[in-house]
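Whatever order the structure lists them in is the order used to number ligands and atoms, beginning at 1. Hydrogens, waters and symmetry mates are skipped; everything else that's a heavy atom, side chains included, is used. Position 1 is the first residue of the sequence; numbering continues from there.
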Amino acid sequence: MKQARLAIFISGSGSNAEAIFQHFQTHPSIKVELLLSNNADAFGLERAKKFSIQTKVFIREQFRESEEVLQWLKEAEITHIVLAGFLWLIPSYLIKAFRHRIINIHPALLPKFGGKGMYGMKVHEAVRSSEDSQTGITIHEVDEKYDEGRTLFQAVCDIDQSDTPKEIAEKVQRLEHLHYPRVIEDWITQ
Ligand code: GAR
């Protein structure tokens with residue numbers, strides 16, 4: 001297999017990005033090349049530096065009103081894009097350039113608790129307010145709409161009656177770190 005070169009997009013903590021760095025550190029054909037963020041204060045940028053992964057920060061105009069980000073991806077010869085807690089909609093020029101080669105993780109069982117504005121703790125608060133006794137993760141391909149691309153993988157966890165949104169978030173993050181790197185690997189290699 002030709003070498004795959006990943007770019008990871010984040011907006012915040014980057015704990016999933018770190019699980020992915022670790023997983024592919026010694027992989028023979030998949031390499032994490034670049035970490036990009038719309039947030040200069042994202043902790044994930046520090047995590048990337050520890051793994052000697054190149055980082056780039058961009059503002060909305062660079063992302064939406066020019067194709068500068070696409071230029072960076074081309075220069076780094078990126079083959080696949082991984083979204084890991086990235087909160088902006090992906091513009092159509094990027095979707096077109098990477099059709100079926102962008103993957104996202106969502107911290108609930110889509111199609112429930114998805115769509116615009118549903119990210120991070122907001123998702124877990126909505127799950128808590130519902131009658132649901134289970135939640136989980138969804139890993140899916142990305143198209144022009146929020147949270148609507150082809151589902152590749154879901155995993156489920158139970159919600160106890162006493163769980164707070166924070167405790168639900170912790171359960172879901174454990175599932176994310178466990179599964180996301182391996183699902184990315186299967187998606188690329190199959
Ligand atoms: C993760 O739980 C991810 O599923 C979620 O943001 C968190 C990022 O955590 N993504 C979304 O809500 C996207 N709609 P991390 O920065 O520690 O990886």
Side-chain angles (χ1 to χ4, degrees), residues 6-25 32 34-51 53 55-58 60 63 80-91 94-95 98 102-130 132 134-157 159 163-185 187:
L6 311 189
I8 305 181
F9 281 68
I10 62 153
S11 298
S13 163
S15 69
N16 278 284
E18 181 158 351
I20 297 164
F21 302 156
Q22 274 167 359
H23 183 84
F24 291 112
Q25 228 174 352
V32 179
L34 204 55
L35 182 102
L36 299 103
S37 180
N38 60 315
N39 172 10
D41 296 323
F43 183 61
L45 294 164
E46 302 304 317
R47 299 186 198 257
K49 283 176 196 143
K50 275 199 276 161
F51 283 79
I53 289 166
T55 60
K56 294 268 194 193
V57 174
F58 53 86
R60 196 173 283 275
F63 194 53
H80 296 76
I81 294 176
V82 173
L83 308 183
F86 181 67
L87 303 184
W88 289 356
L89 189 66
I90 301 298
L94 262 187
I95 307 269
F98 286 86
I102 311 179
I103 195 170
N104 181 44
I105 190 161
H106 186 78
L109 297 170
L110 291 174
K112 285 182 156 189
F113 308 109
K116 193 166 162 48
M118 286 302 259
Y119 60 87
M121 283 309 290
K122 291 195 180 160
V123 176
H124 306 303
E125 279 156 12
V127 169
R128 179 64 291 170
S129 304
S130 75
D132 291 5
Q134 290 189 315
T135 187
I137 63 171
T138 303
I139 299 171
H140 62 95
E141 284 186 356
V142 174
D143 61 17
E144 280 85 353
K145 304 207 183 99
Y146 273 109
D147 302 331
E148 287 194 17
R150 181 170 72 101
T151 295
L152 301 167
F153 179 84
Q154 289 188 309
V156 173
C157 60
I159 304 169
D163 280 347
T164 62
K166 187 164 171 285
E167 285 163 334
I168 296 172
E170 284 163 4
K171 286 182 179 177
V172 168
Q173 283 238 306
R174 276 197 290 280
L175 285 181
E176 293 189 325
H177 299 163
L178 181 67
H179 293 291
Y180 201 19
R182 185 187 51 75
V183 173
I184 292 168
E185 182 173 1
W187 171 65

For Ser37 versus Leu45, what's the shortest heavy-atom pair and its separation? CB-CD2, 4.1 Å
Is any side-chain heavy atom of Leu35 less than 4.5 Å from a side-chain heavy atom of Phe51? no
Matching residue for Cys157 among Lys171, Gln134, Arg174 - test: side-chain contact (heavy atoms from CB on, under 4.5 Å): Lys171
Considering only the protein, which heavy-atom contact is closest to atom 11 (C) of ligand 1, and what is its distance? Pro107 CD, 3.5 Å
Within less than 4.0 angstrom of ligand 1, does Ile105 place any heavy atom? yes
Residue, atom and distance of the protein heavy atom nearest atom 9 (O) of ligand 1 read Gln173 NE2, 3.2 Å
Shortest heavy-atom approach to atom 18 (O) of ligand 1 - which of Asn16, Ile10, Val123: Asn16
Min side-chain heavy-atom separation Glu170-Lys166 under 4.5 Å: yes
Heavy atom of the protein closest to atom 3 (C) of ligand 1 (residue, atom name, distance): Glu176 OE2, 3.4 Å
Could you go through Leu87 and Asn39, starting from their C-alpha distance and side-chain angles, then the distance that decides it, and tell me whether this counts as side chain to side chain contact (heavy atoms under 4.5 Å, CB included)? CA-CA 10 Å; Leu87 303 184; Asn39 172 10; over 6 Å; no
Under 4.0 Å from a heavy atom of Ser13: which atoms of ligand 1 are those, numbered in the order shown and with their elements? 16 (O), 17 (O)
Should we count NZ of Lys112 as having more than 12 external heavy atoms under 6.0 Å? no
Of all protein heavy atoms, the one nearest atom 8 (C) of ligand 1 is Gly85 CA, 3.6 Å
Out of Gly14, Gly12, Ala17, who is nearest to atom 16 (O) of ligand 1 when you count heavy atoms only? Gly14
Ligand 1 to Met118, heavy atom cutoff 4.0 Å, flagged ligand atoms 14 (N)
Test item, Glu18 contacting ligand 1 (heavy atom, 4.0 angstrom): no
Determine the minimum heavy-atom distance between Asn16 and Ala84, stating which atoms define it. CB-CB, 4.0 Å
For atom 12 (O) of ligand 1, closest protein heavy-atom neighbour: Gly120 N, 3.0 Å
If you have a sec, work out which protein heavy atom is nearest atom 17 (O) of ligand 1 and how many Å separate them, to one decimal? Ser15 OG, 2.6 Å
Output yes when the distance from some N or O of ligand 1 to some N or O of Tyr119 is under 3.5 Å, and no in every other case. no
If the plane angle is over 60° it's perpendicular, under 30° parallel, otherwise tilted; pick one for Phe86 and Phe63. perpendicular
Yes or no on side chain to side chain contact (heavy atoms under 4.5 Å, CB included) for Ile159 and Arg128, after CA distance, side-chain angles and deciding distance? CA-CA 8 Å; Ile159 304 169; Arg128 179 64 291 170; 3.7 Å; yes
